[in-house]
Participant: 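The structure that follows is given in the form of structure tokens.
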Amino acid sequence: ICTMWWRQVAVACAVGALVTLSAAGHPSVTSPKALYVLLDAVHLISIVVWMGGLALLAAGRRSWYDDPGVERTARTFSRAITVLVPVIVVTGVLQAWELAGGPDELTDTSWGRTLLVKLAVVSVVVAIGAVSRWLLHNVAVVSIRRTVLAEAALGAVVLAFTASLVTLPPAPIAQGEVFHATLTQA
């Protein structure tokens with residue numbers, strides 16, 4: 001128990017950092033603020049678990065996959081992701097709907113178009129993940145190495161699109177009117 005405290009502190013700090021990101025980003029300007037900050041925090045935490053697990057599995061050497069503990073870990077990760085991916089999708093859709101103002105506005109802004117490209121790449125990542133899950137349960141854990149590498153690489157692409165999304169305004173920026181005045185002599 002004495003050696004476990006630092007893990008709990010590390011998890012608490014990581015969750016706190018992610019909630020802070022949510023409280024300082026786009027969700028902080030929506031109403032009700034607390035709901036959208038919570039949605040974003042759950043979204044981010046779920047993504048960190050997904051991408052972090054993929055990074056761990058992708059970093060393993062081929063011989064690492066022969067360890068029975070790795071198969072158990074991969075199966076546990078697979079079950080967790082089966083729950084977390086729908087959570088990511090639902091929280092992401094709810095946020096996008098609020099920030100963009102609905103599906104019709106998605107193509108009107110750079111933010112919306114970038115989001116649509118990101119969603120296309122995420123769809124490919126989820127499809128590769130489904131193949132990995134099938135291989136894990138029907139072939140062997142070593143068979144998922146290549147699909148996990150592909151999933152992790154495309155996950156990095158998704159994170160790059162996400163980084164660009166946070167720099168873009170989600171709603172169209174109103175164009176200012178050109179100043180026009182007529183002077184008259186009294």
Side-chain angles (χ1 to χ4, degrees), residues 14-15 17-33 35-60 74 77-136 143-176:
V15 168
L18 292 171
V19 170
T20 301
L21 284 172
S22 298
H26 289 142
S28 67
V29 297
T30 55
S31 183
K33 180 179 178 178
L35 172 66
Y36 286 101
V37 168
L38 176 65
L39 280 174
D40 192 57
V42 169
H43 188 75
L44 288 176
I45 291 165
S46 299
I47 291 167
V48 165
V49 171
W50 185 18
M51 291 297 123
L54 279 177
L56 176 67
L57 290 171
F77 176 70
S78 178
R79 279 191 304 275
I81 298 312
T82 302
V83 173
L84 291 179
V85 167
V87 168
I88 293 166
V89 169
V90 169
T91 56
V93 166
L94 290 172
Q95 290 179 89
W97 191 280
E98 175 64 23
L99 291 171
D104 295 337
E105 286 77 16
L106 283 178
T107 57
D108 294 344
T109 63
S110 294
W111 184 87
R113 290 185 295 275
T114 303
L115 179 63
L116 292 173
V117 172
K118 174 187 162 185
L119 291 175
V121 178
V122 167
S123 298
V124 173
V125 173
V126 170
I128 294 170
V131 171
S132 292
R133 183 172 169 78
W134 185 88
L135 289 170
L136 177 64
S143 67
I144 67 169
R145 179 145 168 61
R146 285 188 179 142
T147 56
V148 165
L149 286 169
E151 198 176 348
L154 285 173
V157 171
V158 170
L159 293 176
F161 279 112
T162 302
S164 68
L165 279 174
V166 299
T167 65
L168 298 170
I173 298 174
Q175 297 295 321

Participant: Evaluate whether atom CZ of Arg113 has more than 12 neighbouring non-hydrogen atoms of other residues, nucleotides or ligands under 6.0 angstrom away.
Facilitator: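 Yes - once you tally the heavy atoms of other residues, nucleotides and ligands closer than 6.0 Å, there are more than 12.
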
Participant: Hey, does the side chain of Thr82 reach the backbone of Ser78 with a donor-acceptor pair shorter than 3.5 angstrom?
Facilitator: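 Yes, the answer is positive, given that a donor and an acceptor are paired below the 3.5 Å cut-off.
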
Participant: Tell me every residue that passes side chain to side chain contact (heavy atoms under 4.5 Å, CB included) with Val90, counting only those two or more places apart in sequence or in another chain.
Facilitator: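 Val90 satisfies side chain to side chain contact (heavy atoms under 4.5 Å, CB included) with Leu94 once adjacent residues are dropped.
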
Participant: List in chain and number order the residues that pass side chain to side chain donor-acceptor pair (under 3.5 Å) with Thr114, two or more places apart in sequence or in another chain; answer none if no residue qualifies.
Facilitator: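 Side chain to side chain donor-acceptor pair (under 3.5 Å) list for Thr114, sorted by chain: empty.
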
Participant: Could you pull out the closest heavy-atom pair between Ser46 and Leu84, with the gap in Å?
Facilitator: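 Looking at all heavy atoms of both residues, the shortest contact is OG-CD2, 3.7 Å.
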
Participant: With rounding to the nearest 0.5 Å, note down the distance linking CG in Leu115 to OG1 in Thr109.
Facilitator: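 Nearest 0.5 Å value for the CG-OG1 distance: 8.5 Å.
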
Participant: Any non-hydrogen side-chain atom of Val48 less than 4.5 Å from a side-chain atom of Ile45?
Facilitator: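 Not in contact.
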
Participant: Run the side chain to side chain donor-acceptor pair (under 3.5 Å) test against Ser143 and tell me which residues pass, sequence neighbours left out.
Facilitator: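 In terms of side chain to side chain donor-acceptor pair (under 3.5 Å), with neighbours along the sequence ignored, Ser143 is linked to no residue.
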
Participant: Can you list the residues that meet the side chain to side chain contact (heavy atoms under 4.5 Å, CB included) rule with Val124, with sequence neighbours excluded?
Facilitator: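 Partners of Val124 by the side chain to side chain contact (heavy atoms under 4.5 Å, CB included) criterion, ordered by chain and then number, come out as Ile128, Leu154.
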
Participant: I need the Thr162 OG1 to Ile47 CD1 distance, nearest 0.5 Å.
Facilitator: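 With rounding to 0.5 Å, OG1 (Thr162) is 6.5 Å from CD1 (Ile47).
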
Participant: Heavy atoms only: give me the nearest Ala74-Leu57 pair and the separation to one decimal.
Facilitator: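 Closest approach of Ala74 to Leu57: CB-CD2, 4.4 Å.
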
Participant: Starting at CG of Asp40, measure out to CG of Leu35 and round the result to the nearest 0.5 Å.
Facilitator: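 Going from the CG atom of Asp40 to the CG atom of Leu35 covers 11.0 Å.
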
Participant: Ile81 and Pro86: which non-hydrogen atoms are nearest, and at how many Å?
Facilitator: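 Heavy atoms of Ile81 and Pro86 come nearest at O-CD, 4.1 Å.
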
Participant: Rounded at 0.5 Å granularity, tell me how far CH2 in Trp134 sits from OG1 in Thr147.
Facilitator: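 Output value for this atom pair is 11.5 Å.
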
Participant: Between atom CG of Leu135 and atom CZ of Arg146, what is the distance when rounded to the nearest 0.5 Å?
Facilitator: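 Rounded to the nearest 0.5 Å, the CG-CZ separation comes out at 11.5 Å.
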
Participant: Apply side chain to side chain contact (heavy atoms under 4.5 Å, CB included) to Trp97 and list each qualifying residue two or more places apart in sequence or on a separate chain.
Facilitator: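 Only Pro103 meet the side chain to side chain contact (heavy atoms under 4.5 Å, CB included) criterion with Trp97.
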
Participant: Just grab all the side chain to side chain donor-acceptor pair (under 3.5 Å) pairs involving residues 83-93, residues at least two apart or on different chains.
Facilitator: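 Qualifying pairs, neighbours excluded: His43-Thr91.
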
Participant: Quick one: side chain to side chain donor-acceptor pair (under 3.5 Å) partners of Ser164, sequence neighbours excluded?
Facilitator: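 Checked Ser164 against side chain to side chain donor-acceptor pair (under 3.5 Å); zero matches.
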
Participant: For the atom pair CG (Leu116) and CH2 (Trp111), what is the distance rounded to the nearest 0.5 Å?
Facilitator: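 Spacing of CG (Leu116) from CH2 (Trp111) equals 9.0 Å.
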
Participant: Quick one: side chain to side chain contact (heavy atoms under 4.5 Å, CB included) partners of Val126, sequence neighbours excluded?
Facilitator: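 Expected list: Trp50, Val85, Val122.
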
Participant: Locate the shortest heavy-atom distance separating Arg145 from Gly60; write the atom from each residue and the value.
Facilitator: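 That closest heavy-atom pairing would be NH1-O, 3.0 Å.
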
Participant: Can you sort out the partners of Glu98 under side chain to side chain donor-acceptor pair (under 3.5 Å), two or more places apart, ordered by chain and number?
Facilitator: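 Side chain to side chain donor-acceptor pair (under 3.5 Å) list for Glu98, sorted by chain: Tyr36.
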
